[in-house]
Amino acid sequence: MNVLAMSTATSQLSVALQTANRTVEKNRTDSRNHSIHLMPTITHILEQENLKLNDIQAVVVAQGPGSYTGVRIGVTAAKTMAKVLNKKLYGVSTLALLARNVLDSEALIVPVIDARNHNFFASAYSVDEEGHYSEQLKEQHIDFEGLVNQLRSKAVKLGKNKLIFVGESLKEQQSEFSDLFSKTEVKIEVAKDNLVHAELAISMLDQLTPENIDLFVPEYLRKTQAETDWAKTNGDHDGNQYVEEV
């Protein structure tokens, strides 16, 4: 099956294509210009494999969290392709993709995306020796201290003495995390590969369920400015009254 996958949720634009013969991936780091480079990258990778867009059977996209604008770009492009071409659409978590960069059954894997002001989009995973990943902390938008407290508790519960953080710009926070765990036996590491790879989204396809294209929306994990402004005018109501179209 020919499968096209993409991620524009972080600073790295990643596009991958699986064919009957192989899987290829193209990456570009330029967060401000994903809208400019996404379609040319898709066109290039298809031409490289002598395929046309209509030759694909499924589209997979990083659904979020991540940059609001970046997530919207990828989701909108994927929805449009799937709708117009009548193809299956799959969404995958950006954090789940990051976690797949690490294969260490002894560690608690912590994918994080900087959400500014010492806040993060984060979750935690364990992986067994056969490569099966299990979510141990639900995806959330959380402050630094809250994340550290949850990780301490979860590491103790699971008997893990090593945390591996994976995500962009983590070198800046590594010393802070290490300091906060210094009085414990938990070792802090940063993954060697901290970028989102669309190829990994394809590898997760058998774990995903096709989406309803019309209802498919980004997973921001926190309110957008539009939602915040709407709530100020209309009341919060748990966000149930606000609907965004993409």
Side-chain angles (χ1 to χ4, degrees), residues 1-10 13-19 23 25 34-35 38-39 41-43 45-46 51-100 111 113 121-123 125 132-135 137-141 196-228 230-231 234 236-246:
M1 181 167 70
N2 298 327
V3 181
L4 178 68
M6 67 193 78
S7 172
T8 56
T10 64
L13 165 64
S14 185
V15 176
L17 177 65
Q18 175 186 275
T19 67
T23 300
E25 182 184 81
H34 286 344
S35 61
L38 177 58
M39 290 313 299
T41 303
I42 291 173
T43 299
I45 204 169
L46 287 168
L51 294 175
K52 295 181 179 180
L53 194 54
N54 200 43
D55 292 326
I56 65 172
Q57 280 81 50
V59 181
V60 191
V61 63
Q63 190 176 358
S67 157
Y68 286 147
T69 301
V71 171
R72 281 197 301 271
I73 290 168
V75 168
T76 301
K79 286 183 65 172
T80 301
M81 281 185 260
K83 184 76 171 180
V84 172
L85 300 174
N86 192 29
K87 307 298 183 180
K88 291 181 179 179
L89 174 66
Y90 298 86
V92 63
S93 160
T94 316
L95 293 171
L97 287 178
L98 279 171
R100 265 72 181 173
I113 298 172
F121 301 117
S123 60
Y125 285 82
H132 300 131
Y133 289 80
S134 300
E135 187 180 56
L137 282 181
K138 69 175 184 179
E139 297 189 349
Q140 56 194 305
H141 174 247
V196 176
H197 291 282
E199 182 177 358
L200 293 173
I202 295 175
S203 72
M204 296 172 63
L205 195 61
D206 61 349
Q207 305 167 39
L208 305 176
T209 302
E211 302 283 351
N212 181 315
I213 297 173
D214 294 326
L215 299 179
F216 186 68
V217 294
E219 289 287 353
Y220 294 123
L221 291 188
R222 67 175 177 182
K223 292 180 179 179
T224 64
Q225 188 60 49
E227 288 176 294
T228 300
W230 187 92
N234 301 279
D236 197 336
H237 302 297
D238 296 323
N240 292 329
Q241 304 300 314
Y242 181 89
V243 177
E244 178 187 23
E245 294 185 359
V246 294

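Residue indices begin at 1 and follow the sequence shown.
- Using a 4.0 Å cut-off between charged side-chain N and carboxylate O, Lys79 and Asp214 make no salt bridge.
- Annotation: side chain to side chain contact (heavy atoms under 4.5 Å, CB included) contacts of Thr80 (sequence neighbours excluded): Thr76, Val84.
- Taking both residues in full, the closest heavy atoms of Asn54 and Lys87 are given as O-NZ, 3.0 Å, listed atom of the first, atom of the second, then distance.
- The CD1 atom of Ile202 sits 9.0 Å away from atom CE of Met1, with the distance rounded to the nearest 0.5 Å.
- The two residues Ala201 and Leu208 come nearest to each other via the heavy atoms O-CD1, 4.5 Å.
- Note that the CE atom of Met6 and the CG atom of Leu17 stand 10.5 Å from one another [nearest 0.5 Å].
- Contacts of Asn86 classified as side-chain hydrogen bond (donor to acceptor under 3.5 Å, both in side chains), with partners at least two apart in sequence or in another chain: none.
- Arg222 forms no cation-pi arrangement with Phe121, by the criterion of a distance under 6.0 Å to the ring centre and an angle within 45° of the ring axis.
- A donor-acceptor pair under 3.5 Å links the side-chain atoms of Ser14 to the main chain of Ala198, judged by distance alone.
- Closest approach of Ala16 and Glu199 over heavy atoms only: CB-N, 3.5 Å.
- Checked against salt bridge (charged side-chain N to carboxylate O under 4.0 Å, His left out), Asp206 has no partners two or more places apart in sequence or in another chain.
- In this structure, the separation between OG1 on Thr19 and CG on Leu4 is 12.0 Å, given to the nearest 0.5 Å.
- Interatomic distance, His141 NE2 to Tyr220 OH, rounded to the nearest 0.5 Å: 14.5 Å.
- Residues satisfying the side-chain hydrogen bond (donor to acceptor under 3.5 Å, both in side chains) criterion with Gln57, sequence neighbours excluded, are absent altogether.
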side-chain contact (heavy atoms from CB on, under 4.5 Å) evaluation trace for Ile56 with Leu51: CA-CA 8 Å; Ile56 65 172; Leu51 294 175; 5.6 Å; no
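- Taking the side chain as every heavy atom from C-beta outward, Thr8 and Val71 never approach each other to under 4.5 Å.
- Nearest heavy-atom pair across Thr10 and His34 is O-NE2, 2.7 Å.
- In this structure, Ile73 CD1 and Ser35 OG are separated by 4.5 Å, a value rounded to the nearest 0.5 Å.
- A distance of 4.5 Å separates OG1 of Thr23 from CD of Gln18, quoted to the nearest 0.5 Å.
- Closest of all the heavy-atom pairs between Leu98 and Ile113 is CD1-CG1, 3.9 Å.
- Proximity of a side-chain donor or acceptor of Gln207 to a complementary backbone N or O of Leu205 within less than 3.5 Å is not detected.
- For the pair Leu53 and Met81, the minimum side-chain heavy-atom distance is below 4.5 Å.
- Pairing each heavy atom of Val61 with each of Val75, the nearest pair is CG2-N, 3.9 Å.
- For the pair Met204/Tyr133, no side-chain contact is recorded, criterion being any heavy-atom separation below 4.5 Å from C-beta on.
- Every side chain to side chain contact (heavy atoms under 4.5 Å, CB included) that Ser67 has, sequence neighbours left out, goes to Thr69.
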For residues 89-97, which side-chain donor-acceptor pairs fall under 3.5 Å, sequence neighbours excluded?
unit_1: Ser93; atom_1: OG; unit_2: Leu95; atom_2: N; d: 3.1
unit_1: Ser93; atom_1: OG; unit_2: Ala96; atom_2: N; d: 3.1
unit_1: Ser93; atom_1: OG; unit_2: Glu139; atom_2: OE2; d: 2.2
unit_1: Thr94; atom_1: OG1; unit_2: Gly64; atom_2: N; d: 3.3
unit_1: Thr94; atom_1: OG1; unit_2: Gly64; atom_2: O; d: 3.3
unit_1: Thr94; atom_1: OG1; unit_2: Pro65; atom_2: O; d: 2.9

